[in-house]
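Working notes for the structure below.
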Amino acid sequence: MSGSPAVVIRLVASAYTVAEKAGEIVRKVLHRGDLGIVEKEGANDLQTLADRLAQRSICTSLSRRFPKITIIGEEELPAEEVSEDLIENGQAEEILQKVCPVEYCGVKEEELVVWVDPVDGTKEYTEGLLDNVTVLIGIAYAGRAIAGVVNQPFYNYQLGPGAHLGRTMWGMLGLGAFGFQLQEVPDDKRIVTTSRSHSNKLVTDCVSAMEPHEVIRVGGAGNKIIQLIEGKASAYVFASPGTKKWDTCAPEVLLHCVGGKLTDMHNNPYRYDANVKRMNSGGVLATLRNHEYYISRVPQSALQALKSD
Ligand code: AMP
Ligand code: MG
Ligand code: MG
């Protein structure tokens, strides 16, 4: 193929390298010791120095290279000069080599929206549950999540000193998902994964209604989607508002690329246009297979309490 790769391919190639840099920042802040914790809306909604630095790094790096793209980050940060050592200019060569799916070849910079969660699973980060943490960069076009990068900064940390830490997964509709080995929970076993730090009665009632053989409670939306695609869980069930568009945009692309589905509890997909509500008010139901089963089990109480966007 001749000429420069399509904008969206260049954006994903940049997002890949930028997410790796953000992962490195998240590791460095932890090793330095002082996390600089700020409570946003109470003790279960935290921001650390890692969230702040990683978001500045991601958003500034991407907006310098792609000035017309709308970039929406989770953290509200005051405008200030960004230190040059936070800027990442690299692009993943492996992604630049990919042939852009025809439906996205002509997409213009100004038509793309990027949703950034600089640290997903911040609560768990502050508690040392490090494999729950991910950096999420989701890319939307025409309201749909079409590409996503998920970096897991502490992947392999249980292996102890000397282990190579971190990995990056990415996916794009029409190209596939890369950076992990797809595995599935056997069809006759229902393992439900849900929140460990943002649960409530609606959430636990809905989990029970699924008649799970096992329930796992872990942090992070990104982390729970990784569990689905790596054969650790069959469904991510969260019948509550709480997650936002930056939590679901990137992970849902990985899931969609391997045949899975992410919807609210009414079975409606989320849209990711720049002007949508940030909150995923209808909850999250994500599965690799058998979505209809889980939808059919959602209790009336949850359906009444949760509105679709
Ligand atoms: P969890 O499964 O509890 O780790 O939540 C997944 C993502 O949604 C994380 O980014 C959380 O911060 C966010 N989240 C979920 N519920 C809430 C809530 N009640 N308040 C603030 N953030 C939430
Ligand atoms: Mg998050
Ligand atoms: Mg976050």
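Please read these numbers as outputs of a predicted model, since none were measured by experiment. Nothing fancy with the numbering, it's 1 onward along the sequence. When a ligand or atom number is given, it counts from 1 through the structure's own listing order.
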For ligand 1, indicate whether the residue T243 contacts it via side chain, backbone, both or neither (heavy-atom separation under 4.0 Å).
-> both

K108 charged N/C atom sitting above Y141 aromatic ring, 6.0 Å / 45° | no

Answer with side chain, backbone, both or neither: which part of K123 has a heavy atom less than 4.0 angstrom from an atom of ligand 1?
-> neither

Using the side-chain contact (heavy atoms from CB on, under 4.5 Å) rule, take L11 and V114 through it: C-alpha gap first, then chi angles, then the decisive distance, then the call.
-> CA-CA 10 Å; L11 175 61; V114 177; 3.9 Å; yes

Identified side-chain contact (heavy atoms from CB on, under 4.5 Å) partner of V150 from the options T168, I229, N223, T134 = T134

Does K189 come within less than 4.0 Å of E214, counting only side-chain N to carboxylate O?
-> yes

Report yes if some N/O of H198 lies less than 3.5 Å from some N/O of ligand 1; otherwise report no.
-> yes

Check for a donor-acceptor pair, side chain of K261 on one end and backbone N or O of G259 on the other, with a separation under 3.5 Å.
-> no

Protein heavy atom at shortest distance from atom 9 (C) of ligand 1 | D120 OD1, 3.5 Å

Using only heavy-atom distances, determine whether the side chains of H291 and T263 contain a donor-acceptor pair under 3.5 Å.
-> yes

Can you name the N, O or S atom of E74 that is closest to the Mg ion (ligand 3)?
-> OE1

Would you check whether G242 has a nitrogen or oxygen atom less than 3.5 angstrom from a nitrogen or oxygen atom of ligand 1?
-> yes

Heteroatom proximity flag, N44 to ligand 1, N/O under 3.5 Å = no

Would you say S195 and ligand 1 have an N/O pair spaced under 3.5 Å apart?
-> yes

What's the verdict on side chain to side chain donor-acceptor pair (under 3.5 Å) for K244 and N280, showing C-alpha distance, side-chain angles and the deciding distance?
-> CA-CA 5 Å; K244 324 285 186 314; N280 290 331; over 6 Å; no

Is a side-chain donor or acceptor of N132 paired with a backbone partner of E124 at a separation under 3.5 angstrom?
-> no

When you draw lines from the Mg ion (ligand 2) to OD1 of D120 and to OD2 of D117, what angle lies between them, to the nearest 10°?
-> 100°

D247 N/O to ligand 1 N/O under 3.5 Å = yes

Check each heavy atom of K244 against ligand 1 and say whether those closer than 4.0 Å belong to the side chain, the backbone, both or neither.
-> side chain

Got a sec: is V119 within less than 2.8 Å of the Mg ion (ligand 3) via an N/O/S atom?
-> yes

Is the side chain of Q55 donor-acceptor paired with the backbone N or O of D117 at a distance under 3.5 Å, no angle test?
-> no

Below 3.5 angstrom, do we get any N/O pair linking G220 and ligand 1?
-> yes

Numbering the atoms of ligand 1 from 1, which are under 4.0 Å from a heavy atom of K224?
-> 1 (P), 2 (O), 4 (O)

Is the backbone of V276 close enough, under 3.5 Å, to the side chain of D273 for a donor and an acceptor to pair up by distance?
-> no

side-chain contact (heavy atoms from CB on, under 4.5 Å) partner of Q91, chosen from I9, V18, L96, V12 | L96

Assign the ring pair F154 / Y157 to parallel, tilted or perpendicular, where the plane angle (0 to 90°) is split at 30° and 60°.
-> perpendicular

Contact atoms of ligand 1, heavy-atom distance to G219 under 4.0 Å = 4 (O)

Quick check: does D247 have an N/O/S atom under 2.8 Å of the Mg ion (ligand 3)?
-> no

Is the closest heavy atom of K40 to ligand 1 under 4.0 Å?
-> no

For A221, counting its heavy atoms only, list the atoms of ligand 1 lying under 4.0 Å from any of them.
-> 6 (C)

Polar contact flag for Y236 and ligand 1 (N/O pairs, less than 3.5 Å) | no

